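Presented below is the structure to which this report refers.
In this text, all values refer to a predicted model and were calculated from it rather than measured experimentally.
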Amino acid sequence: MAARMALAELLLSNQVVDMEQMEQARRDQRSHGGRLTSSIVRLGFVKESDLVELLGKSYELPTIDLTGFEIDPEAIGALNRQVCEKHMVIPVSKAGNSLVVAFADPTNAYVKDDLALLTRSKIEVVVAGESAIQAAIDKYYGGGTSQIDNLITEIESHSTGNDTVAQNVELVEQEAVEGEGPIVKFVNAMLVE
């Protein structure tokens, strides 16, 4: 909660929003979920790019424009999708024991500490927009359920006549190996007509 207050205070002290707008954003956040910054951007009180610049300048952190930026595959392997979405972060590069991670909200120091423990790396923070981070998560970790649905449809459309082999796709949660996404398991079943 202290991190949220620090962010709210930052936005108020820099006159990005006034008290009435902050309360409206908090109500929007409660009704729609998500982060306070998402509500402030969604309500049109500030552009996301201006918010990123403010956060970077205020916390003396570099900012990154993830559109068109090619993320290091080794960095992506350091964190799984669930962690990235929970904290709205994405690893962007890895060099030795350092992992550069883009944060939508760099005010929460606990997330940085948690990521350092999880990855056993020194976390270097850069600031990026939440929508850009979500787009990068979808691009590098896959689009989630819609990609699974597309795979099922594609498999079902490949029939071989009367001796059709139906392939069921089962999403298996993988908890044993950190840093990897879910596994798609193919199960063959002979269909008798």
Does a donor on one side chain sit under 3.5 Å from an acceptor on the other, for Asp28 and Gln24?
-> no

Taking the side chain as C-beta and beyond, is there a heavy-atom pair between [X] and [Y] under 4.5 Å?
X      : Y      : result
Ile123 : Asp113 : no
Thr37  : Glu48  : no
Leu61  : Leu55  : no
Leu54  : Asp50  : no
Gln134 : Ile137 : yes
Tyr59  : Val127 : no
Asp105 : Met88  : no
Val52  : Asp65  : no

Any side-chain to backbone donor/acceptor pair from [X] onto [Y]? Under 3.5 Å, distance only.
X      : Y     : result
Tyr141 : Gln82 : no
Gln21  : Asp18 : yes
Arg35  : His87 : yes

Supply the atom-to-atom distance Ser31 OG to Arg26 CZ, rounded to the nearest 0.5 angstrom.
-> 14.5 Å

Calculate, to the nearest 0.5 Å, the distance between atoms CD and CG belonging to Gln29 and Leu43 respectively.
-> 11.0 Å

side-chain contact (heavy atoms from CB on, under 4.5 Å) evaluation trace for Val83 with Leu115 | CA-CA 9 Å; Val83 169; Leu115 295 180; 3.7 Å; yes

Under 4.5 Å between side-chain heavy atoms, hopping through other hydrophobics if needed: is there a path connecting Met19 to Val16?
-> yes

Is it true that Arg81 and Glu85 make a salt bridge, defined as a side-chain N closer than 4.0 Å to a carboxylate O?
-> yes

Only residue of Thr119, Val101, Asp72 satisfying side-chain contact (heavy atoms from CB on, under 4.5 Å) with Lys94 is Asp72

